[in-house]
There are 2 protein chains.
Amino acid sequence: MTRKKSDITQETILKAAIKIFSEKGYSAATTSEIAKEAGVAEGTIFRYFSKKKDLLYQIAQKTIDLFSHHIAFSTLKEVLKENETKDAKVLLKALIMDRMILFEQYFPYIKIIFYEAQFHEDIQAMIDKKIIKKGFLLMQDVFTQRTLAGEFKAIAPNVATRSLLGMIVAMFLQKKFIPSHYFTNDLEEEIDIIIDIFLNGIRNTASGCISVDS
Amino acid sequence: MTRKKSDITQETILKAAIKIFSEKGYSAATTSEIAKEAGVAEGTIFRYFSKKKDLLYQIAQKTIDLFSHHIAFSTLKEVLKENETKDAKVLLKALIMDRMILFEQYFPYIKIIFYEAQFHEDIQAMIDKKIIKKGFLLMQDVFTQRTLAGEFKAIAPNVATRSLLGMIVAMFLQKKFIPSHYFTNDLEEEIDIIIDIFLNGIRNTASGCISVDS
DNA sequence: CCCAAAAGTGAGTACTTACTCATAAATATA
DNA sequence: TATATTTATGAGTAAGTACTCACTTTTGGG
């Protein structure tokens, strides 16, 4: 059995809305433009979404659920489990690569919900509860575990998580918005540098610390 | 001699616009609301700014100039010079505290221009040229200098700069938007942790490296 | 092929928006 | 005080805007 026509139309409209919202922002986007992008009459939109705001909320809901349940934490957990016993360097690389793919793939979605979260407290609360908190908890487990094992210092795991995230997001945004003259051409090389900073710092250990590599 | 009345009115309108823009975003903000906030008639706005967009551009221009010339780089340079010979820890702390104060003070301005940069390529170009590039160049000097002195590793200075910035911005945004349950109550303590991560990494040096503190 | 239900349409509506302009008020000049 | 200039006003306007609804088209089962 083929999918119901109404489902297809609804999805087409949602996709068009995501495109226009992420290009112009929610407020500057118009329903007529979304209709044009979707290839339907303007009235059709309102058969599926009672208000313009409903479009935004459904996009937010969908994106957050997507991240929360199916993709984000299942692959994240997998990556974490796969590399549980491996070196921190290997674990972090797998982790970051996994996150980069997600970011890249869902960039329009992410742009919309993170921007609109500013103005809609309910969206903000959803992101906080279903993405940030969960993600942080998972990461904190990793840090706590390796701290107990003596591999990591006893640094506040939330600060460590947020710092790593900050470095990655900064890289990603630079790649997206000002890719011109700041980057090494190789993404993996750059990630390696970030991991090295995160694990070992930028201070020259030769001067004050004798490194014993395995 | 007192200031011309027209200058005062113009500034009042600009301030009102900054408030409304940063609260609702440029598109969702209305000229009638800005007029109300400024305590003037709607028509008055258009005696000083021919279009609504002119408001945005003047705000952007003003903010970028402010950052570029007067406040940002003069104090940044001062901080750098003052701490030139001191320990990296001291330098970075002075640097971050200085940036935090700026961020805090001009948060509404920053919000507006960084958000609208997405949609206005000219604003994006201005930010890139007058803030990001200049700031990065200054920071890179610091890193290059200390790398040559053997204090820092030979890590790509742009990546190092961006990583440090990413960690700070991540902290700042968390402080602004989700201050509830992630933070140690003490900001300075948190900055110390970030600097420690940045300089020494989170890996436990005791296991593979013998630290020699001064 | 028929017809009822489902899906789609787009002109129309009530409202808001950025922006104008003739007029009024405030201020400066003499 | 009288007059010229600058500054401020807010009703008015044309151009959207989100959203409605009477109507048409499409779909699928008997």
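Chain A is the first sequence line, chain B the second, and so forth, proteins listed ahead of strands; every chain is numbered from 1.
For A/Ile45 and C/dA7, the CD1 to C1' distance is 15 Å, given to the nearest whole Å. The CD atom of B/Glu33 sits 16 Å away from the P atom of C/dC19 (whole-angstrom rounding). Rounded to whole angstrom, the span from the CD1 atom of A/Ile20 across to the P atom of D/dT17 amounts to 12 Å. D/dG16 atom C1' lies 12 Å from atom NZ of A/Lys52, rounded to whole Å. Note: CZ (A/Phe46) to C1' (D/dC23) measures 19 Å, nearest angstrom. When the P atom of D/dT17 is taken as reference, atom CD1 of A/Ile34 falls 11 Å away, rounded to whole Å. Atom C1' of nucleotide D/dT13 and atom CD of B/Glu42 are separated by 13 Å, given to the nearest angstrom. In this structure, the CG atom of B/Asp54 is 14 Å from the P atom of C/dA18, given to the nearest Å.
If A/Arg47 and B/Ala41 are placed on DNA chain D by their nearest nucleotide, the residue sitting closer to the 5' end is B/Ala41. Take the nearest nucleotide of DNA chain D for A/Ala28 and for A/Gly43: the residue whose nucleotide is more 5' is A/Ala28.
Between B/Phe152 and B/Phe143, the angle of the ring planes lies from 30° to 60°, which puts this pair in the tilted group.
At a threshold of 4.0 angstrom between heavy atoms, the contacts of B/Ala29 are confined to the sugar-phosphate backbone, with no base atom among them. Contact annotation for B/Phe49: no contact, since no heavy-atom pair falls under 4.0 Å across all strands. Residue B/Thr30 is in sugar-phosphate contact alone, with no base atom involved, counting any heavy-atom pair closer than 4.0 Å across all strands shown.
A/Tyr26 carries A/Lys52 over the face of its six-membered ring, with the cationic atom under 6.0 Å from the centre and within 45° of the normal. In this structure, A/Lys176 satisfies the cation-pi test against A/Phe107, with its NZ or CZ atom closer than 6.0 Å to the six-membered ring centre and inside 45 degrees of the ring normal.
Ranking D/dA8, C/dA18, D/dC19 by closeness to the B/Thr44 side chain, first place goes to D/dA8. With C/dG8, D/dT9, D/dA18 as the choices, the nucleotide that has an atom nearest any side-chain atom of B/Val40 turns out to be D/dT9. The side chain of A/Tyr48 lies closest to C/dA7, out of D/dA18, C/dC19, C/dA7. When distances run from any side-chain atom of B/Thr9 to the nucleotides D/dA8, C/dA18, D/dG10, the shortest one goes to D/dA8.
Side chain of A/Lys130 to backbone of A/Ile64: no donor-acceptor contact under 3.5 angstrom is found.
Side-chain contact between B/Phe46 and B/Thr31 is present, with heavy atoms from C-beta onward closer than 4.5 Å.
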